[in-house]
Amino acid sequence: MIPIRNLYYLFCYAWQRFPPGGAVETGVDAAPDLPNLFARLLVNDVNALLRRGLDRGYRTFVEETRAPRGRLLLDAIVKEQTLRRGAVVCAVDELTPDVVHNRIVKAAARVLARTRGVETALVHELGAIVLKLQAVSDVRLSADIFKGVQLSRNTRHYAPLMKLCELVWRAQMPDENGDGSRFADILKDEVTMSAVFEDFLRNFYVHHQTRYRVSREVMSWDAIALDEVSHGRLPIMETDITLRSRERTIVMDAKFYKETLVSRGGAGKVRSGHLYQLFAYLEHASARTPERSCEGVLIYPTVGIEVALRYRIRGHEVLVKTVNLDREWPEIHRDLIGVPLTFDAPAPHPAPLAA
């Protein structure tokens with residue numbers, strides 16, 4: 001089991017909310033599990049948001065009034081004959097906190113407050129947040145509502161909170177008794193957690209090293225369509241993490257799997273699909289910048305198990321590496337910083353590969 005403190009760091013980096021000086025937010029260490037960790041993070045973030053002030057947006061209200069303001073709606077005035085009553089119909093633009101990202105925050109607080117296993121004290125704090133957001137409409141969380149979030153430079157501080165709320169939504173399962181909801185073990189969701197782990201690694205290297213430019217790259221296939229119907233049918237080739245310097249390109253593929261190696265009796269084997277994918281990236285990255293050496297890393301998080309395998313495949317050095325998250329964070333930090341440095345060290349003496 002990954003310690004809660006390390007999960008906290010993992011999510012912080014994935015959401016680009018780097019803890020100052022490696023500090024842990026109040027109450028995080030006391031969280032016994034993921035639902036309580038998310039509840040504590042949501043409470044801390046929303047309270048900070050309320051102190052800063054909720055984002056507001058303009059909404060148009062139509063009203064009949066004796067004191068004109070805003071825009072007069074002449075068609076409505078004539079149709080409803082409001083002048084006989086000494087009134088007019090106006091369209092008024094007013095600033096309101098009832099915007100989509102505040103609705104999502106309120107909905108996530110409601111969801112967590114109804115989740116089984118969340119501690120009573122946190123349930124009360126989540127309920128207090130819902131009350132403070134009374135001016136915000138109630139909505140149901142869905143994929144569409146998250147797609148509708150558009151943050152500007154002035155509202156980018158909402159971004160980590162939106163990531164948190166989306167994970168809360170993804171983790172919800174209806175309770176068998178119809179009373180509230182249960183929290184799915186999203187650590188077993190390899191698709192969701194692979195995306196989190198990938199974002200964590202990319203932001204970690206952006207934040208903690210300066211030797212390489214870090215990005216996620218889209219590459220074009222070195223292919224020519226031989227007829228019209230074949231044109232534009234190849235899938236996008238996009239790396240998880242690419243580190244580039246003047247001398248070297250390192251392509252990293254991040255995977256979140258319960259079992260790093262495939263075992264069918266005997267020694268575990270590297271997953272063939274992962275290796276084929278990485279090799280395709282390396283060949284195309286090398287073709288783009290043939291003057292640079294091009295290396296690859298398959299990297300997996302684990303608990304307790306450590307693997308480090310090195311190969312040279314058609315001129316590319318490849319590292320298959322695990323990151324043991326069941327350690328103190330400074331050790332994990334040193335381990336990750338050391339991954340790109342692996343390629344600075346001389347490769348060990350080649351050994352013949354078994355078939």
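Taking the centre of each ring, Tyr300 and His274 come in below the 6.0 Å mark.
Side-chain N or O atoms of Asp55 include none that pairs as donor or acceptor with a backbone N or O of Thr155 at under 3.5 Å. The closest donor-acceptor contact from the side chain of Asn36 to the backbone of Pro32 lies at 3.5 Å or more, if one exists at all. Remark: side-chain polar atoms of Thr322 are paired, donor with acceptor, to backbone N or O of Val307 under 3.5 angstrom. Lys321 places no side-chain N or O within donor-acceptor distance of the main-chain N or O of Ala308, the cut-off being under 3.5 Å. Under a 3.5 Å cut-off, the side chain of Thr342 and the backbone N or O of Gly338 do form a donor-acceptor pair. Checked by atom type and distance alone, the side chain of Ser215 never pairs as donor or acceptor with a backbone atom of Glu217 at under 3.5 Å. Under a 3.5 Å cut-off, the side chain of Tyr281 and the backbone N or O of Glu238 do form a donor-acceptor pair. Under the 3.5 Å distance criterion, the side-chain polar atoms of Asn324 are matched with a main-chain donor or acceptor of Gly304. Under a 3.5 Å cut-off, the side chain of Trp221 and the backbone N or O of Pro235 do form a donor-acceptor pair. Put simply, the side chain of Ser230 never gets that close to the backbone of Leu226: no donor and acceptor are under 3.5 Å apart.
Taking the side chain as every heavy atom from C-beta outward, Leu151 and His101 approach each other to under 4.5 Å. Looking at heavy atoms from C-beta onward, Arg271 lies out of side-chain contact with Leu261 at the 4.5 angstrom threshold. The shortest side-chain heavy-atom distance between Asp199 and Gln16 does not fall under the 4.5 Å cut-off. In this structure, the side chains of Leu336 and Val323 come closer than 4.5 Å at one or more pairs of heavy atoms. Trp329 places none of its side-chain heavy atoms less than 4.5 Å from the side chain of Arg5. Thr242 places none of its side-chain heavy atoms less than 4.5 Å from the side chain of Val214. For the pair Val123/Leu112, no side-chain contact is recorded, criterion being any heavy-atom separation below 4.5 Å from C-beta on. Side-chain atoms of Leu319 and Leu309, non-hydrogen and from C-beta on, never get closer than 4.5 Å to each other.
Val270 is not connected to Tyr276 by any chain of hydrophobic side-chain contacts under 4.5 Å among Ile, Leu, Val, Met, Phe, Trp and Tyr, and they are in different clusters.
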Could you walk me through whether Val88 and Leu73 pass the side chain to side chain contact (heavy atoms under 4.5 Å, CB included) check? CA-CA 8 Å; Val88 293; Leu73 301 181; over 6 Å; no
Applying ring pair (Phe, Tyr, Trp, His ring centres under 6.0 Å), run through His333 and Phe204 and close with a yes or a no. CA-CA 9 Å; His333 185 282; Phe204 178 90; 5.1 Å; yes
Please evaluate residues Leu133 and Asn102 with respect to the criterion side chain to side chain contact (heavy atoms under 4.5 Å, CB included), reporting the C-alpha separation (whole Å), side-chain torsions for both, the decisive distance (0.1 Å), and the verdict. CA-CA 8 Å; Leu133 297 177; Asn102 289 333; 5.6 Å; no
Tell me, with the steps shown, if Phe343 and Glu317 meet side chain to side chain contact (heavy atoms under 4.5 Å, CB included). CA-CA 8 Å; Phe343 301 108; Glu317 191 172 339; 3.8 Å; yes
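Glu80 pairs by the side chain to side chain donor-acceptor pair (under 3.5 Å) definition with nothing, not counting sequence neighbours. In terms of the side chain to side chain donor-acceptor pair (under 3.5 Å) criterion, residue partners of Arg327 (sequence neighbours excluded) are, by chain and number, Asp335.
Under the salt bridge (Lys or Arg N to Asp or Glu O under 4.0 Å) criterion, the residue pairs touching residues 289-300 are Arg248-Glu295, with sequence neighbours excluded. Screening residues 219-230 for salt bridge (Lys or Arg N to Asp or Glu O under 4.0 Å) gives no qualifying pairs among residues at least two apart or on separate chains.
Looking at Asp344 and Arg211, a side-chain N of the basic residue comes within less than 4.0 Å of a carboxylate O on the acidic one, giving a salt bridge. In summary, Asp240 and Arg202 do not engage in a salt bridge, as defined by a charged side-chain N under 4.0 Å from a carboxylate O. Asp138 has a carboxylate O that lies under 4.0 Å from a charged side-chain N of Arg110, or vice versa, which qualifies the two as a salt bridge.
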Tabulate below the donor-acceptor pairs under 3.5 Å that side-chain atoms of residues 163-173 make, not counting sequence neighbours, or state none.
unit_1, atom_1, unit_2, atom_2, d
Glu166, OE2, Arg170, NH2, 3.2
Trp169, NE1, Leu141, O, 3.3
Gln172, OE1, Thr115, OG1, 3.4
Gln172, OE1, Ser181, OG, 2.5
Gln172, NE2, Val168, O, 3.2

Give every donor-acceptor pair under 3.5 Å between a side-chain atom in residues 249-260 and any protein atom, sequence neighbours left out.
unit_1, atom_1, unit_2, atom_2, d
Thr249, OG1, Arg244, NH1, 2.9
Lys255, NZ, Gln277, OE1, 3.1

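A side-chain donor from one of Asn44 and Arg40 sits under 3.5 Å from a side-chain acceptor of the other.
Looking at Asp93, Asp98, Thr96 one by one, the single match for side-chain hydrogen bond (donor to acceptor under 3.5 Å, both in side chains) with Arg59 turns out to be Asp98. Of the candidates Tyr9, Phe11, Tyr13, Phe200, Phe18 forms a ring pair (Phe, Tyr, Trp, His ring centres under 6.0 Å) with just one, namely Tyr13.
Using bins of under 30°, 30° to 60° and over 60° for the plane-to-plane angle, the ring pair Phe38/Trp15 lands in the tilted bin.
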